[in-house]
Amino acid sequence: MEAGFGPDLGARMVALCRGAPREVFRLVERLGIDCEAANTGTIRAGVTERFTGEVEAAYEQWSRRGAPVEWLDHAGVAAATGAESYCGALLDQRGGSLNPLSYARGLAEAAQKAGAKIFSATPALGIERQGSRWKLATPKGAIRCEKIVIGTNGYTGPLWPKLEQTIVPVYSAIVATEPLPPGIAKRILPRRPVVYENSRFYGYYRIDSGGRFLLGARGALHDTSDPAEYGHIIAHSTKLFPALARARWRWFWNGQVAITADRYPHVHEPAPGIHIGLGYNGRGVAMATAMGRMLAKRVAGGSTKELDLPVTDIKAMPFHAFWRMGVRIERLYGQIRDALGL
């Protein structure tokens, strides 16, 4: 970021990433949102020597910038997670966990108390310019306004030309157990950090406040709650923690996250009064919160120079229509490389 965007904007982009988790926790505290928020840290764990090298490079970069990070060797990460699978890991004290649905509901309630109106089950069907204002069509009426914010992320459709072609809506799937027996729960993530793996599997997991073990990873490329389509995630869980072989897997769900070609969140202003923020690459809880603050300031009259991300043109990905095929090929290629130890 610093090399590509310069000492001013690049440094502000780094600061945005660095401060996003703290922004979430402070917002939760200020608004009194009951969402099981816990600032217990995140562990970025390397599965192989190659992936561990990438994690160690990130640790060194954050260390030089004074971030509260710690390097864990194999023994250290085994003690912190309860798993013997990792070569090394970065422990970042800034992160943690929360219940995303409760967080979203808490934000909605706070917005309503501040005077906002929320209309669920009301899709935006089209946008057109009418003089100095915009008309946004819905199934049962229209909204006319001077400014529109589009924050559709992994669920971006054809509302604005070519916008849906700037992201790949990859599915992330999660499984959760019933509350674990105390004897097992205390051996897994004893201090309750969140773990995300630096690997081609893209696994991430935690134990929630009710003692349930949750693990997410890439999954089927469609909406599903069929347990049969989550077998690879359960298998990964029991490989990490053999004691989970006796666990009862109760919940299965998935959803779409927006992946961008350059792996950066995107800000667009394709027309006067149109403000777009999307593309969090699996880090949406913190980064979308930070994006919301930035866009709110912009809509309220702030300058684009005050934004901590660059405003870019909408550029469609080449061959975007074949994204499902591309994701399947990438996954198969990764599985082959993993099998060969590459």
*Where is the tightest heavy-atom contact between L180 and A185, given as atom of each residue plus distance?*
CB-CB, 4.1 Å

*Can you check whether F51's main-chain N or O pairs, donor with acceptor, with N198's side chain at less than 3.5 Å?*
yes

*Can a salt bridge be assigned to the pair E2 and R65 using a cut-off of 4.0 Å between side-chain N and carboxylate O?*
yes

*Of all heavy-atom pairs between I127 and I148, which one has the smallest distance, and what is that distance?*
CG2-CD1, 4.0 Å

_Lys NZ or Arg CZ of R144 over W134 ring: under 6.0 Å, within 45°_ = no

*Does a donor on one side chain sit under 3.5 Å from an acceptor on the other, for E23 and T289?*
no

*For this output row, return yes or no: ring centroids of F241 and Y205 closer than 6.0 angstrom.*
yes

*Should the pair K315-D313 be classified as a salt bridge under the 4.0 Å nitrogen-to-oxygen rule?*
no

*Any idea which heavy atoms bring W71 and A89 closest together, and the distance?*
CE3-O, 3.2 Å

*Take atom CD in E54; do more than 12 heavy atoms of anything else shown fall under 6.0 Å from it?*
yes

_Side chain to side chain, P310 and L9, heavy atoms closer than 4.5 Å_ = yes

*Under 3.5 Å, side chain of R192 to main-chain N/O of I188, donor-acceptor pair present?*
yes

*Report yes or no: do Y171 and Q256 form a side-chain donor-acceptor pair below 3.5 Å?*
yes

*Give a yes or no answer on whether the side chain of N153 reaches the backbone of G279 with a donor-acceptor pair at less than 3.5 Å.*
yes

*Is there a donor-acceptor pair closer than 3.5 Å between any side-chain N or O of T238 and the backbone N or O of P242?*
no

_How long is the straight-line distance from CG of N281 back to CD1 of I259, given to the nearest 0.5 Å?_
4.5 Å

*Identify the two heavy atoms, one from A247 and one from T177, that lie closest to each other, and give their separation to 0.1 Å.*
CB-CG2, 3.9 Å

_Any salt bridge linking K113 with E109? Criterion: basic side-chain nitrogen under 4.0 Å from a carboxylate oxygen._
yes

*Side chains of Y86 and E197: is there a donor and an acceptor less than 3.5 Å apart?*
yes

*Verify whether one side chain among T224 and D226 offers a donor that lies under 3.5 Å from an acceptor in the other.*
no

*Side-chain ion pair, R298 and E306, N-O less than 4.0 Å*: no

_Can you classify the ring geometry of W249 versus F213 as parallel (below 30°), tilted (30 to 60°) or perpendicular (above 60°)?_
perpendicular

*Got a second to check how far R26's CZ is from N39's CG, nearest 0.5 Å?*
10.5 Å

_With a 3.5 Å distance limit and no angle check, can you tell me whether S199 reaches the backbone of V47 through a side-chain donor-acceptor pair?_
no

*asked:* Show me the pairs that pass ring-ring contact (aromatic ring centres under 6.0 Å, His included) and involve residues 11-38, at least two apart or across chains.
replied: none

*At their closest point, which heavy atom of C87 faces which heavy atom of T52, and how far apart are they?*
CB-OG1, 3.2 Å

_For a quick test of reading the model, state the closest non-hydrogen atom pair linking P193 to I43 and the distance between them._
CG-CD1, 3.8 Å

*Report yes or no: is the cationic atom of R212 (NZ for Lys, CZ for Arg) closer than 6.0 Å to the six-membered ring centre of W251, at no more than 45° off its axis?*
yes

*Would you check if the side chain of H268 reaches a backbone N or O of I276 as a donor-acceptor pair within less than 3.5 Å?*
no

_Looking only at the side chains, is there a donor atom on one of D34 and S102 sitting less than 3.5 Å from an acceptor on the other?_
no

